[in-house]
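This report refers to the structure that appears directly beneath it.
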There are 2 protein chains.
Amino acid sequence: MAGALKIGIAGLGTVGSSLARIITGRANELSVTCGRAIEITAVSARDRSRDRGIDLSGMAWFESAEEMAARADIDVLVELIGGAEGPAERAVRAALDRGLHVVTANKALLARHGVELAALAEKKGVLLNFEAAVAGGIPVIKALRESLTGNRISRVYGIMNGTCNYILTRMEKEGLSFQDCLTEAQRLGYAEADPTFDIEGNDTAHKLAILTTLAFGTQIAADEIYLEGISNISIEDIEAAADLGYRIKLLGVAQQTDSGIEQRVHPTMVPRDSVIAQVDGVTNAVAIESDILGELLMVGPGAGGDATASAVLGDIADIAKSRPGEQRVPVLGTPAEALEPYRRARMRSHEGGYFIRLTVADRTGVFASVATRMAENSISLESIVQRASSTAPATEAKTIILVTHATTEASVRNAVTAIKAEDYLVGEPQVIRIERPKAF
Amino acid sequence: MAGALKIGIAGLGTVGSSLARIITGRANELSVTCGRAIEITAVSARDRSRDRGIDLSGMAWFESAEEMAARADIDVLVELIGGAEGPAERAVRAALDRGLHVVTANKALLARHGVELAALAEKKGVLLNFEAAVAGGIPVIKALRESLTGNRISRVYGIMNGTCNYILTRMEKEGLSFQDCLTEAQRLGYAEADPTFDIEGNDTAHKLAILTTLAFGTQIAADEIYLEGISNISIEDIEAAADLGYRIKLLGVAQQTDSGIEQRVHPTMVPRDSVIAQVDGVTNAVAIESDILGELLMVGPGAGGDATASAVLGDIADIAKSRPGEQRVPVLGTPAEALEPYRRARMRSHEGGYFIRLTVADRTGVFASVATRMAENSISLESIVQRASSTAPATEAKTIILVTHATTEASVRNAVTAIKAEDYLVGEPQVIRIERPKAF
């Protein structure tokens with residue numbers, strides 16, 4: 001049996017503490033499975049005195065993660081600090097510079113510096129593993145980086161933010177407003193005090209940027225993602241979706257098109273009888289569509305100390321099982337130097353179905369005018385329904401709900417602009433894109 | 001860049017031909033991703049003259065797979081012949097004996113000889129990969145063998161036979177009989193001329209035996225699986241399931257219990273709003289429940305030349321990316337010599353909910369008698385419904401449908417035996433087990 005794999009954990013929050021407990025508590029099982037022992041020889045965190053339920057006595061203590069990465073007697077740095085810059089970034093760079101393997105759960109760091117760090121790891125012949133950075137415990141990085149080798153991927157999409165999915169699920173099941181569900185999510189610890197990063201889609205965007213690179217072999221382009229959050233989704237939208245056979249999810253979608261790659265995060269209507277539509281609450285799901293394998297969907301916990309620690313441990317085990325020396329697993333699926341420049345498809349060119357909800361004055365001719373504006377923009381309609389508005393007195397306003405056949409974003413925007421120029425619109429129109437899974 | 005990885009493909013049927021086309025057609029992409037070229041240097045099949053759309057000119061041709069395994073200039077034997085014994089087994093043994101890596105899609109071979117072959121591979125320090133053997137393109141072997149390292153698994157279950165799922169789905173959606181759906185499946189190529197192996201659950205059992213070993217670290221025990229096929233599932237069962245909020249799937253289930261491990265394959269009622277219940281047609285799905293990660297569900301194509309070839313290619317890529325020399329990835333998750341003996345939990349001890357459908361004579365007192373027999377066996381009922389039978393004239397027979405709370409198989413069998421001893425039963429009682437996903 002080879003010598004023990006020595007790891008240093010930077011950051012002893014929920015995930016780090018869970019990981020330390022598992023590694024020390026399951027030492028025998030891990031050494032049998034990995035063919036060598038895994039030992040935590042160093043840790044770093046801000047406060048040494050806090051009780052985390054771990055015996056730190058056999059581990060070197062560092063106040064600075066960077067210091068630990070640079071000097072500790074370790075083979076692997078496990079970075080669980082978080083943040084795109086600062087101590088996390090410095091520690092990871094220091095470890096790679098020194099030729100250590102790195103395991104990280106830091107999506108922000110990878111979304112910002114992933115290509116550069118991958119190049120550094122590949123130059124040094126070490127592994128940089130990050131299964132926990134996307135969709136928590138779901139092994140989607142491994143699927144893309146290893147299982148799907150040789151496949152050409154056409155689309156990857158998923159529910160990657162538990163906070164949003166929890167809120168949308170409760171709104172649907174209990175008929176509560178967005179605000180009420182957000183408050184409840186905050187009370188239960190599913191949402192931060194400042195929930196902006198989750199509910200406006202930024203968190204999903206970081207994860208999507210990483211998946212895009214793995215799926216399409218292009219450089220990470222986290223700043224080029226079309227972003228729309230869930231804060232303006234109303235009960236009316238959810239009910240109308242249900243009536244039409246859809247459910248609303250916040251999806252991150254990356255898709256190869258003729259004019260480049262689309263990366264978009266937005267509330268999305270998915271067919272109610274599709275498998276992904278059943279994914280409720282804080283659960284995550286990622287689907288990958290490729291030309292040889294077909295469609296693959298993975299569903300599981302997207303967050304939580306233990307689930308995330310499980311993914312980190314899988315990454316550590318891969319390092320323990322690998323032979324020392326030059327590594328041939330490209331960090332981002334494709335070797336960093338072979339990644340192609342990201343070519344962004346314009347959002348206006350996006351093709352798909354759309355749900356459009358308009359609140360309009362209850363006047364003769366309005367319905368005909370709306371239909372005409374659609375036709376003028378070559379938008380073919382799957383359905384158009386007019387009904388009493390639930391948010392305005394019935395005598396004053398009606399709701400018109402349209403579902404389009406496949407059309408372009410540009411056509412929809414033009415049609416909506418034309419409708420806004422009329423005098424019958426009450427409030428802002430709601431536009432929600434429809435996404436259809438290929439196989440199930 | 002390291003030298004090319006030389007592979008020999010034994011068996012050029014649908015999967016083998018698809019694999020050969022992909023490897024030759026995507027040579028550049030594969031060499032970039034894998035850090036070295038992948039070359040097919042040898043093939044073996046029965047008939048050289050058949051046109052498979054592959055240029056065989058640069059490949060050595062062998063009529064015998066064993067001969068190729070023993071002599072060809074290859075690093076990896078890819079075995080796609082199938083069958084637990086005969087040429088497939090001989091070729092795999094010859095390759096491992098010689099110190100070659102092996103990739104196989106052969107579930108029957110592994111279910112019969114897996115432990116022995118794993119021990120041989122580990123002794124020789126080579127990889128034996130078999131992602132395609134279970135659930136086709138779904139990377140469940142990799143998830144169990146690598147991603148879930150350190151987790152204690154409590155249950156693994158899934159829809160692993162596309163033929164059965166196709167038949168059950170069509171029965172439900174179109175109200176057709178089992179026999180009509182089977183005939184249709186045969187016409188479409190989803191079922192064999194002799195469908196016994198699929199519809200009686202043997203195929204699922206082979207796959208389940210492999211998953212059990214990966215999940216629980218026990219020796220393969222394919223002959224100790226409780227087996228019940230779908231041929232006696234009727235439209236009445238499917239309709240009653242729907243009324244009660246369930247769908248019927250053929251599941252393979254392996255579960256850790258206090259008295260050992262349960263391995264069972266049988267028609268199963270799953271809650272209609274669970275994610276796995278949405279998995280229709282030939283699609284497969286595997287769920288893994290573990291203590292750290294929680295629940296993971298993977299859905300994808302379980303068969304088909306391309307999907308299977310994709311899994312085989314992923315296995316080959318893992319070998320291409322690995323360093324030569326001693327391997328530390330245990331073939332069956334746990335090193336073969338460390339696998340524990342399989343301890344079978346008796347089926348009579350199985351605990352769960354049950355659906356029981358009885359056709360009974362339309363007489364006073366029958367309903368009370370059935371309820372009494374249940375109570376005498378300490379079976380608590382979730383629901384009991386009596387209605388007109390759809391298969392017998394209403395005046396002569398009624399249907400009684402019971403759904404039990406968690407009870408034991410022994411109790412249910414005893415109650416059914418007691419009911420059979422009465423004089424009011426018309427035909428055989430139907431008993432279907434209920435399985436509930438833990439999280440979603």
Side-chain angles (χ1 to χ4, degrees), chain A residues 2 18 22-23 26 29-30 32-36 131 137-139 142-143 146-151 273-275 277-281 283 290 292-301 304 306-307 309-311 313-314 317-318 320-323 325-330 333-335 338 439-440, chain B residues 2 18 22-23 26 29-30 32-36 131 137-139 142-143 146-151 273-275 277-281 283 290 292-301 304 306-307 309-311 313-314 317-318 320-323 325-330 333-335 338 439-440:
Chain A
S18 172
I22 296 163
I23 290 178
R26 300 192 178 178
E29 287 144 274
L30 287 171
V32 169
T33 311
C34 298
R36 61 198 296 198
E131 188 61 81
I138 301 176
K142 192 176 266 286
E146 302 174 22
S147 302
L148 285 157
T149 300
N151 278 269
D273 58 359
S274 62
V275 180
Q278 299 309 114
V279 176
D280 284 338
T283 301
S290 56
I292 312 176
L293 176 55
E295 188 169 345
L296 176 68
L297 175 72
M298 305 169 99
V299 185
D306 279 355
S310 175
L313 186 54
D318 279 349
K321 291 172 192 167
S322 73
R323 299 271 300 169
E326 193 190 330
Q327 297 301 328
R328 288 202 202 96
V329 180
T334 306
F440 45 80
Chain B
S18 171
I22 296 161
I23 291 178
R26 297 191 180 179
E29 287 144 274
L30 287 171
V32 169
T33 311
C34 298
R36 61 197 295 199
E131 187 61 81
I138 302 176
K142 193 176 264 287
E146 303 174 20
S147 302
L148 285 156
T149 299
N151 278 270
D273 58 358
S274 62
V275 179
Q278 296 313 112
V279 175
D280 284 338
T283 301
S290 57
I292 312 175
L293 175 56
E295 186 170 346
L296 177 67
L297 175 72
M298 305 168 100
V299 185
D306 279 356
S310 174
L313 187 56
D318 279 349
K321 291 172 191 167
S322 74
R323 296 274 299 170
E326 194 190 329
Q327 296 300 329
R328 288 203 202 93
V329 179
T334 306
F440 46 77

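To find a chain, count down the sequence lines: A is the first, B the second, and so on, and within it residues start at 1.
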Between [options], the one whose heavy-atom pairs under 4.5 Å with chain B are most numerous:
options: A:Cys34, A:Ser290, A:Ala143, A:Ala309; value: A:Cys34
options: A:Thr33, A:Leu313, A:Asp273, A:Leu30; value: A:Thr33
options: A:Lys142, A:Glu146, A:Gln278, A:Arg26; value: A:Arg26
options: A:Ala317, A:Gly150, A:Gly294; value: A:Gly150
options: A:Ala311, A:Pro335, A:Ala338; value: A:Pro335

Any side-chain heavy atom of B:Thr149 within less than 4.5 Å of one from A:Lys321?
yes
Flag side-chain contact, heavy atom, 4.5 Å: A:Val279 against B:Phe440
no
With rounding to the nearest 0.5 Å, note down the distance linking [atom1] in [X] to [atom2] in [Y].
X: A:Asn151; Y: B:Ile22; atom1: CG; atom2: CD1; value: 7.5 Å
X: B:Glu131; Y: A:Ser147; atom1: CD; atom2: OG; value: 6.0 Å
X: A:Thr283; Y: B:Leu297; atom1: OG1; atom2: CG; value: 10.5 Å

Mind ranking B:Gly314, B:Ser310, B:Gly281 by heavy-atom pairs under 4.5 Å with chain A and telling me who comes out on top?
B:Ser310
Checking heavy atoms, do the side chain of [X], its backbone, both or neither come under 4.5 Å from chain B?
X: A:Ala320; answer: backbone
X: A:Leu296; answer: both
X: A:Asp318; answer: side chain

Would you please name every residue forming a side-chain contact (heavy atoms from CB on, under 4.5 Å) with B:Asp306, sequence neighbours left out?
A:Ile292, B:Ser18
In chain order, what residues pass the side-chain contact (heavy atoms from CB on, under 4.5 Å) check against A:Ala307, with sequence neighbours excluded?
A:Pro301, B:Leu293
Checking heavy atoms, do the side chain of B:Glu295, its backbone, both or neither come under 4.5 Å from chain A?
backbone
Contacting moiety of B:Thr334, where chain A heavy atoms sit under 4.5 Å
side chain
